[in-house]
Amino acid sequence: MNISVRWIKQLIDFDLSVKDLMHGLTMSGLEVENELNLGYEDQMIVIGKILERNPHPDADKLSCCKVDVGSEVLDIVCGADNMKAGDKVVVARNGSKLPNGMKLKSTKIRGVVSNGMMCSESELGLAKTSSGIMILDELFPVGEGFDFVFEVAITPNRPDCLSMLGIAREIKALCSGVIKHPKSKVSERLESALYHVNLTIKAKDLCPRYTARVIGQVKIGPSPIWMQNFLAVAGIRPINNIVDITNYVLLELGQPLHAFDYDLIKDKKITVRKAKKGESILAIDEKSYMLEDEDLVIADSSRPIAIAGVIGGKNTEVTQDTVNVVLESAYFNPSSVRRTSKRLGLSTDASYRFERGADYDGLYLALNRAAGLIQDIAQGEVTKGIYEVNALAKDLNHTVSLSYNNVNRVLGTNMDISEISEIATRLQFEVVNCSKQEVLLSIPSYRVDLEREIDLIEEIARVYGYNKIPETFPKIDKLAIAKINSSDAKLKKLRAVLNSSGLSETIHYSFVADAYQADLGFDSEKFIALQNPLSRELNVLRISLFTSILKALQLNDAQGMSDVAFFEIGKIFQKTEKKMIEENSMAILLSGKNTDGWLGSSDWDFYSMKGIVEEVMDFFGVKSYQIEYAKDNPLLHPGKAMIVKQGRNVFFEGGQLHPVMKKKLGLTKDCFIGVFALESLLARKSKLKKYSELFRFPGMNRDISMIFDRSVSFVDLQKAIQKTGGNLLQDIRLTDVYEHDSLGDNMRSLTFNLLYRHPDRTLTDEEVKPLFEKAISYLQSEFGGNLR
Amino acid sequence: MLDQLNNELNDIRASFDVDSKNLNDINECQTLKVKYLGKKGALALLFQKLGKVDKNDRPAFGKQINLVKVDVLAKLEKLEAQINEREIKEQLEKETIDITLPGMKSSRAAVHPLYQTHAEMVEIFREMGYEVAEGPELEEEFYNFDALNFPPDHPAKDMQDTFYIDQNHLLRTHTSPVQVRMMKNHKPPMALIAPGKVYRCDADITHSPMFMQVEGLLIDKNVTFADLKGTLKLFLETFFRQTVDIRLRPSFFPFTEPSAEVDISCIFCKGSGCNICKDSGWLEVLGCGMVDPNVFKSAGIDSEVYQGFAFGMGVDRFAMLKYGINNIRLFYENRNDFLAQF
C-alpha cells in the first residue's frame with residue numbers, strides 16, 4: 001500500500017523525520033519497501049504557483065512560465081499545455097533528482113533559460129503515463145516540499161493497516177501522537193419515503209451486516225483537485241466525484257464502499273443473496289463473469305447488480321447521467337469473498353480488504369464520511385436514516401485477558417505491569433479489569449487478528465521492540481530430547497563415496513516436461529502432473545532421475561562440456577491406480593573422458609561404472625547379488641547394460657546409453673548412466689563392520705591363463721575355481737582379458753591370479769600344487785578351457 | 001730371490017696405481033679387484049712364491065705382501081664408493097624431469113554449493129544437539145497448511161504460491177509440515193532440524209520454483225523468544241564465521257506467534273551500505289517465531305505445558321551470500337564449469 005506522508009499528516013500529528021518513521025514502521029512489522037522522495041523534507045521538489053505563462057519566442061509548443069516557489073520566482077520553460085497562470089504545480093528544482101533518474105540542472109531550451117521543471121505524475125513516479133503536468137489544488141501551500149511516498153508491505157493478518165487511518169494508528173502506537181479523525185457530519189435533509197429501498201439479506205452467514213444510505217440530487221462531475229491529487233499519490237485514476245469519494249474513503253478509512261445508481265435498481269429492491277447457477281454479470285470493468293451458487297451477489301428484483309465485496313455491475317454503475325445514488329457499506333464474509341475472487345481471477349481493492357477482514361464496527365463511520373463528502377462535493381441531499389441489517393451477534397465488546405507472567409514466560413523478558421499497560425494504552429486497548437496477575441483488555445473492532453492471549457503477547461513484544469528482548473541460549477537436554485531417524489548422515493557418507501570416485505553432485509528441479517519424459521520411454525500414465533505448472537517445460541514430476549541427468553548432459557554437451565561425471569540424489573514420483581508414490585533415488589552419469597592430459601587420457605567405460613556400482617553396493621553392505629543384462633530398457637544398450645539385484649529386489653539398472661537415444665538427444669560422446677533404488681538400499685539395516693583376523697604367513701600366488709568360448713562368463717568361472725580351492729583359496733583376481741583372431745572365433749583368454757593362504761603356517765608347494773591342478777582340470781572339463 | 005720378489009711386489013703396486021686411475025664404472029672396479037686380489041690374482045700368485053723365500057725372511061715379506069693387499073683393498077673400496085656416488089649422481093641427473101609440466105588429474109569431484117551449505121547448516125545445529133528430520137515433498141494440504149494454522153480460504157496462503165497436484169495434494173511450500181509430522185510422532189522435549197526441497201510457483205533471478213530450506217524446531221517447557229534470538233545469533237555467527245548483529249522485525253506466519261523476520265548486519269559492508277544490502281546495511285536471512293498454540297493443538301501437544309520456537313531459512317539464499325552467487329538459476333542448471341568452482 002502506498003503511503004503519502006502529506007496525507008498521513010492530515011490524520012495524525014507526530015514528531016518523527018520521514019526516515020525515522022519508515023524505520024519505525026519497518027521495525028514494528030510494517031515493512032517499507034519502496035520509497036519516492038518527492039521533496040517533502042529536502043524541499044528539492046516543491047509546490048509552486050504559476051505567476052505568468054507566456055509563449056516561447058521560438059517554439060509554438062513551448063511556453064515560458066514564471067513560477068513562485070516561495071523563496072524565489074523561477075523561469076521555467078514547459079512543453080505541456082494543461083496549465084495556466086494561477087495554477088499550483090509540482091516543481092523540481094535544479095539539483096533535484098526525479099524518481100525516473102532524471103537530474104535537473106539549469107538549461108537553455110531553444111535559447112531561453114529554464115531553471116527547474118514542472119512535473120507530470122509519470123515524472124514523479126506516481127503513474128506510468130500522464131498527459132500534461134500535475135496540477136495541484138489551491139489548498140497546497142506554495143514553497144513546501146511536495147510529498148514523500150513509500151510503499152508498505154502489509155502482512156495478511158493486518159487488514160486494519162490497509163488505510164491511511166490504520167497507518168496513523170500504528171504511528172500512534174510507535175511514538176504516541178494525536179489522531180485527527182476525519183469529519184463525517186451528515187445533514188439528513190431528504191424524506192426517505194421518496195427514496196425508499198427495500199433491503200433484504202438472504203445469506204446472513206455471508207453478509208452479517210449491511211448498511212446503506214440513499215443520497216439524492218447529486219451533481220456528477222470531476223472530484224475536487226485535492227482529492228484527485230491524493231488519489232494520484234495513491235496510484236488511483238480519478239473517474240467522477242462519486243466514485244472518487246468511495247475510493248478516497250476506502251484509502252482513508254479502509255472500508256470498501258460501493259455506489260449504485262438508485263434509479264437503475266429495479267423495483268428499488270436490494271437483496272443480498274447467493275447467485276443462481278448460470279447467472280452472469282457484466283461488471284464495471286466491462287467483463288462478463290459467470291457466477292456459481294456459492295458466490296454472493298447484490299441483486300435487485302431481477303438480476304445481480306454487484307458481486308458482493310468484489311466488483312459492481314455495469315447495469316447500476318454511477319455515470320454522468322446519475323441523479324440519485326445508493327451508497328453501500330457492508331461486511332462480507334472473508335472466506336466467501338476470497339473464494340469468489342480467486343475463482344474469477346479478479347482481485348480488487350475491495351476484495352483485497354474484505355477477504356482479510358473488514359472492521360465490523362466501522363461501517364457507519366465510512367458510510368457517513370462518504371455521505372458527508374458527497375453532500376459537500378456533489379451537492380447531494382442525504383435522505384433520513386440508514387438502511388441496515390445487522391444479523392451477527394458478534395461480541396462487540398471483544399475482550400482478551402493477558403497474564404503479565406505469560407508475557408515474560410513466552411518472551412524471556414522482565415517487563416513489569418506498568419510497561420505492559422503503557423503499551424496496551426498506546427495500542428488503544430481499553431483496560432476492563434485489572435489485577436496483580438493479569439489484565440482484561442477490550443480490543444478495538446478493527447483488530448480482527450487479536451483473539452487470544454498469545455496474539456496480545458505478540459502485540460506487546462512488537463511495540464516493546466523485538467530488539468530489546470535479550471539473547472539467551474536455551475538449555476537443551478540432549479539426554480531427554482526425542483531421537484529421530486533420518487538418512488541425512490548416511491547420505492552424507494554416500495556422497496563422499498561418490499565424490500571420491502570423481503563424481504560431482506547435480507541438483508535438478510523435480511519437475512520436467514511430460515513430452516521429454518515420455519520421449520525417454522517412460523509411461524506417461526504414471527506421471528504426476530501439476531495443476532498449475534509454471535510452463536509446459538516443467539509440468540510433471542520426474543518419474544526417474546534418468547530424466548534429470550540426461551538433461552544435465554545435454555546442457556553441458558551443448559556448451560562443449562561433454563567430459564562429465566555426475567550423480568544426483570533426490571526424490572522421484574509416480575502414480576499408480578491407487579496412490580502416488582514418492583521415493584528416494586540416486587543416479588550416476590559418466591560421459592567422455594575420465595582422465596585427460598598430456599600424458600594420455602582414458603574414457604569412462606562400462607567397467608569403471610561397474611566399479612562405482614560395486615563400491616555403492618559395498619557401502620550399503622550388499623554382499624551377494626546377481627547381475628543380468630538389462631535388455632528391456634530403451635535407454636540402455638542391451639549388450640552393455642546391467643541389472644544388479646537380489647532376488648526380486650533390483651538395486652541398480654544402468655549401462656551405456658542406447659546409441660539410438662544418444663543420437664536422439666544429440667549427444668557427442670558415449671556415456672554410461674544408471675539409477676540406484678536408493679529407497680530400498682536405505683531401508684536395509686546397516687551392519688557394523690566386523691574385524692577378521694589378519695594372515696600372519698605369506699600366501700602363494702599362482703596364475704592360470706586359459707582360452708574359453710566368449711559365452712563362458714567370468715562369474716561362473718570364478719565360482720568354479722572357488723569350489724576347487726577349498727578354505728585355502730583366499731582370493732581370485734582377474735588380471736587379464738585378451739581377445740584376438742589368433743585365439744579362434746568367439747574365443748578369449750582369461751588370466752586369473754589365485755592366492756592360496758593358510759592362517760597358521762606357510763604353505764608348501766606340495767600342498768598348493770594339487771589344488772591348483774584341480775582348478776585347471778576342472779576348468780578344462782567343465783568349461784572347455786584350454787591352457788595358453 | 002727376495003729382491004726379485006720385492007721387485008715384483010713393487011711392480012704390482014705400481015701397476016695397480018696405474019690401473020686404478022682409469023676406472024670408468026663399477027664393473028671395471030670388480031675386474032681390478034679380481035686382477036689383484038682374486039684367487040688367481042697378482043698378490044695371490046706372489047703369495048704362492050713365498051715358499052721360495054728364505055725361511056727367515058718369509059714372515060717379514062709375507063707381512064709386506066699383506067700390507068700391499070690391505071692397501072689395495074682399501075683403495076679399491078674407496079674407488080668403489082666414489083664410482084657408486086658418481087653413478088647415482090649421473091642417474092639422478094639423467095632422470096630429472098620438467099617439474100613445471102602440468103599435473104595429471106582424473107575427473108575431479110565438485111561438491112554442489114547448495115549441498116555444501118546444507119551440510120554446514122545441519123552440522124552446526126547437530127552440534128547444538130538438534131536431530132535431523134525428514135518429510136515428504138509431495139505433501140498433503142493438511143500438513144502444509146491446515147495443521148499449521150492456515151485458515152481455509154485465507155489470503156495467508158497467497159504468501160506461498162503453491163503448486164497443486166490435486167484437491168488434497170501439493171508440493172510442499174515450506175519444510176514446516178515436518179514440524180507437525182514430528183510432533184505427532186514424538187514426545188517433547190524435541191530439537192530438530194529438517195532440511196529439504198520446497199516448491200513455489202515463482203521464478204526470477206532470486207526466486208526459483210524449487211529451492212532448499214532448513215527448518216528448525218525446539219520444544220520444551222521453558223523455551224523463550226529470547227532463546228530463539230540467542231540460538232539464531234549463535235548459528236549465524238558460526239555459519240558466516242564472523243560476528244554479526246541480528247535484527248528481528250515483527251512479521252506474520254500463521255504457524256508462529258509472535259513471528260519475526262531476521263536480518264543480519266551486512267556481511268559484505270559490515271552495515272555501512274553496499275549494493276548487496278541495497279544500502280540498508282542489513283540482509284534479510286530467515287523467518288522465525290514461537291510455535292503457535294494452534295499448531296501444538298493440531299499435533300496433540302499441550303501448549304499450557306510446552307512452548308517452543310521454529311525457524312526456516314533458504315539454503316539458496318545462504319549459499320548465494322556465502323559464495324557471492326547472483327543468479328539462483330545457476331544452482332539448478334548444473335553446468336559443469338559452475339559446479340567445478342566448488
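A note on names: the letters A, B, ... follow the listed sequences, proteins ahead of strands, and every chain is numbered from 1.
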Please look at [X] and chain A and tell me whether the side chain, the backbone, both or neither of the residue comes under 4.5 angstrom of a heavy atom of that chain.
| X | result |
| --- | --- |
| B:Leu339 | side chain |
| B:Met182 | side chain |
| B:Phe331 | backbone |
| B:Tyr199 | side chain |
| B:Asp292 | side chain |
| B:Leu248 | both |
| B:Lys197 | side chain |
| B:Glu123 | side chain |
| B:Ser259 | both |
| B:Asp245 | neither |
| B:Pro152 | backbone |
| B:Leu171 | side chain |
| B:Glu137 | both |
| B:Leu218 | side chain |

Minimum heavy-atom distance [X]-[Y], with the two atoms named:
| X | Y | result |
| --- | --- | --- |
| B:Ile325 | B:Phe342 | CD1-CZ, 3.8 Å |
| B:Pro177 | B:Arg172 | CG-CB, 4.3 Å |
| A:Ile476 | B:Met128 | CD1-O, 3.5 Å |
| B:Cys288 | B:Leu228 | SG-CD2, 3.7 Å |
| A:Asp449 | A:Asp455 | O-OD2, 3.4 Å |
| B:Ala191 | B:Gly129 | CB-O, 4.1 Å |

With a 4.5 Å cut-off on heavy-atom pairs, point out which of [options] contacts chain B the most.
| options | answer |
| --- | --- |
| A:Gly412, A:Ser504, A:Ala552 | A:Ser504 |
| A:Val337, A:Ile481, A:Asn406 | A:Ile481 |
| A:Gly570, A:Pro474, A:Gly597 | A:Pro474 |
| A:Ala461, A:Ser486, A:Ala480 | A:Ser486 |
| A:Ser500, A:Gly465, A:Pro334, A:Ser487 | A:Ser487 |
| A:Asp563, A:Leu541, A:Asp477 | A:Leu541 |

Part of [X] within contact of chain B (heavy atom distance under 4.5 Å):
| X | result |
| --- | --- |
| A:Leu530 | both |
| A:Ser601 | neither |
| A:Glu582 | side chain |
| A:Arg409 | both |
| A:Asp596 | backbone |
| A:Phe566 | side chain |
| A:Ala529 | backbone |
| A:Arg158 | neither |
| A:Leu534 | both |
| A:Lys483 | both |
| A:Phe511 | side chain |
| A:Leu555 | side chain |
| A:Lys492 | both |
| A:Glu459 | neither |

- [ ] Taking only Lys NZ, Arg NE, NH1 and NH2, and the carboxylate oxygens of Asp or Glu, determine whether A:Glu505 and A:Arg495 approach each other closer than 4.0 Å.
- [x]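 Answer for the salt bridge query: yes.
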
When only pairs under 4.5 Å are counted, which of [options] shares the most heavy-atom pairs with chain A?
| options | result |
| --- | --- |
| B:Tyr130, B:Phe253, B:Phe163 | B:Phe163 |
| B:Gly230, B:Pro189, B:Pro151, B:Pro155 | B:Pro155 |
| B:Lys278, B:Arg126, B:Met104 | B:Met104 |
| B:Ser251, B:Pro293, B:Ala119 | B:Pro293 |
| B:His186, B:Arg335, B:Met190 | B:Arg335 |

Task: Any A:Val540 side-chain heavy atom under 4.5 Å of A:Ile528 side chain - done: no

Open item on the list: So A:Glu471 and B:Leu232, do their side chains get closer than 4.5 Å, heavy atoms only?
Closed with: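 Of all side-chain heavy-atom pairs linking A:Glu471 with B:Leu232, none is under 4.5 Å.
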
NZ or CZ of [X] within 45° of [Y] ring axis and under 6.0 Å:
| X | Y | value |
| --- | --- | --- |
| A:Arg356 | A:Phe354 | no |
| A:Lys468 | A:Tyr464 | yes |
| B:Arg249 | A:Tyr466 | no |
| B:Arg181 | B:Tyr143 | yes |

Task: Validation row, ring centre B:Tyr332 to ring centre B:Phe211 under 6.0 Å - done: no

Open item on the list: Under 6.0 Å between ring centres: does that hold for B:Phe235 and B:Phe125?
Closed with: yes

- [ ] Assess whether atom NZ of A:Lys19 is packed by more than 12 heavy atoms of other residues, nucleotides or ligands within 6.0 Å.
- [x]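 Check fails, neighbour count at 12 or below.
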
- [ ] Kindly check if the number of other-residue, nucleotide or ligand heavy atoms within 6.0 Å of CG (B:Asn222) is above 12?
- [x] no

Strictly by modelled atom types, are [X] and [Y] linked by a side-chain donor-acceptor pair under 3.5 Å?
| X | Y | result |
| --- | --- | --- |
| A:Ser548 | A:Arg542 | yes |
| A:Thr155 | A:Asn157 | yes |
| A:Thr595 | A:Ser602 | yes |
| B:Glu139 | B:His169 | no |

Open item on the list: Can you tell me how the ring of B:His154 sits relative to the ring of B:Phe252, calling it parallel under 30°, perpendicular over 60° and tilted otherwise?
Closed with: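 Judged by the thresholds at 30° and 60°, the geometry between B:His154 and B:Phe252 is tilted.
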
